[in-house]
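Keep in mind that this is a model prediction, so the values were computed, not measured. First the proteins, then the strands, lettered A, B, ... as listed; each starts at 1.
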Amino acid sequence: MGEFYSIAITNNFQQADTGTKMIHLGRNTRSRIIAKGISAGQSQSTYRGLVSVHPKADGARNFTQCDSLLVGKKCGAHTVPYIESRNPTARVEHEATTSRISDDQLFYCLARGIPAEEAVTLIVNGFCRDVLQQLPMEFAVEAQKLVGISLEGSVG
Amino acid sequence: MLTIDDIHVAVNGKEIIKGLTLAIRPGETHAVMGPNGSGKSTLSYFLAGREGYELTAGRVLFRGEDVAGLSPDQRVARGMFLAMQYPVEIPGVATMTFLRTALNAQRRARGEKELDASSFLKLVRKHAAELNISDDMLKRPLNAGFSGGEKKRLEILQMTLFAPLFAVLDETDSGLDIDALKLVADGVNRMKSPERSLLVITHYQRLLSHIVPDHVHVLAGGRIVKSGGKELALELEARGYDHIIKAAA
Ligand SMILES: Nc1ncnc2c1ncn2[C@@H]1O[C@H](COP(=O)(O)OP(=O)(O)OP(=O)(O)O)[C@@H](O)[C@H]1O
Ligand SMILES: [Mg+2]
């Protein structure tokens, strides 16, 4: 079982091109990719994922979940899956979602006393939950703080 | 407590509140009733400080302070609260985490010490038990997949947890079953005190027989067209809005 989890955050005027390669060589190999991308400010982020299944990899299975979250109205997110399957018994699934932090969500947080920047961090950490959950407690706490730092200045 | 002085409020350039005056003193409960689209939720969002709800004339004082320059979170830290008609889902954020983040943000803004995890847990469980909200619900992401009644109960949990001085309840009763209505009303009544005031927005007299108002106002077309005591709600229920609005015109 190959697993790959990632969180990519872009802010301000950053342009990021991130991704992973998952190569299936053997029989009945399985892999899972969960990639979370957060774009804030005027940034653009692209996720590129290659899933390659070699001829001998009978019954190989991959599942890719690629979720993008937009913070604000001037950023963008792009998902480019590359699938190379050289074995007809392989099953490769790719799911992608894009959502935006809504005014309603932001207002709801503010209306409960959470300042805007902290609210965005909270919502983004919620969005990354499936990935953060994979980390040991101490790392998850650090990662959540890092999310906050990366998003500094993302709300006006 | 709250002085609303001849306010006009526009949303997207369209005037919705057209000259509304209301004074709420400490300890008082006011009810606002009115037909769909009369501006009740607009008033509640505006009071909470929502962006895009523009004050074009008049002013609002909360405990003597003009709220115009205050962001929603600053208003909350000063003791204002809005229980929303349509609570919002936040995927992935456990309800418990949300509540703790909110309470601690308010405490920080007031210069109070944040609550540690275990004192917070004790506090939230106490309030949750009174509203029949399970631990399991508190572990789920905020409002995600909650039933209509569960969402409304969670709004009231937040109210009792934050203990505001002034709260607006926007149709908290819609979507509640009879038992939940009783639980919610009891929760609200426990909060009542000589220092606290309430503005209850509702379509139904039923809620007002549990949470008894001192004053009832009828809002129509962005104005208060009639005010009275609790018997006005009964009259509305019996005769409908049309009659009252025409008589007031
Ligand atoms: N963002 C907006 N842009 C334009 N018009 C709006 C906006 N929000 C509200 N309105 C309009 O303002 C009016 C008042 O709406 P509001 O939601 O305050 O009514 P309400 O009294 O709460 O009604 P209900 O009883 O159905 O909850 C309605 O005509 C509505 O269409
Ligand atoms: Mg409404």
Exceeds 12 heavy-atom contacts within 6.0 angstrom, atom CZ of Arg86(A):
yes

Chain A contact via Leu142(B) - side chain, backbone, both or neither, heavy atoms under 4.5 Å
side chain

Between Gly113(A) and Ala105(B), which heavy-atom pair has the shortest distance, and what is it?
O-CB, 3.3 Å

Answer yes or no: does atom CE of Met1(A) have more than 12 heavy-atom neighbours from other residues, nucleotides or ligands under 6.0 Å?
yes

Determine, step by step, whether Glu51(B) and Asp103(A) satisfy the side-chain contact (heavy atoms from CB on, under 4.5 Å) criterion, reporting the C-alpha distance in whole Å, the side-chain angles of both residues, the deciding distance to 0.1 Å, and the verdict.
CA-CA 9 Å; Glu51(B) 206 182 359; Asp103(A) 292 346; over 6 Å; no

Quick check for you: to the nearest 0.5 Å, what is the distance between Ile114(A) atom CD1 and Thr101(B) atom OG1?
5.5 Å

Tell me, out of Arg108(B), Gln106(B), Glu155(B), who's got the most heavy-atom pairs with chain A below 4.5 Å.
Glu155(B)

Please output the residues of residues 122-138 of chain B in contact with chain A, using a heavy-atom cutoff of under 4.5 Å, in numerical order.
none

Does Arg27(A) CZ have over 12 foreign heavy atoms under 6.0 Å away?
no

Using side-chain hydrogen bond (donor to acceptor under 3.5 Å, both in side chains) as the criterion, list what pairs up with Asp73(B), not counting sequence neighbours.
Ser71(B)

Give me the contact list for residues 74-93 of chain B versus chain A, heavy atoms only, anything under 4.5 Å, ordered by residue number.
Val76(B), Phe81(B), Leu82(B), Ala83(B), Met84(B), Pro87(B), Val88(B), Glu89(B), Ile90(B), Pro91(B), Gly92(B), Val93(B)

How about CZ on Arg110(B), more than 12 heavy atoms from neighbouring residues, nucleotides or ligands closer than 6.0 Å, or not?
yes

Part of residues 104-112 of chain A lying next to chain B, heavy-atom separation under 4.5 Å
Asp104(A), Gln105(A), Phe107(A), Tyr108(A), Cys109(A), Leu110(A), Ala111(A), Arg112(A)

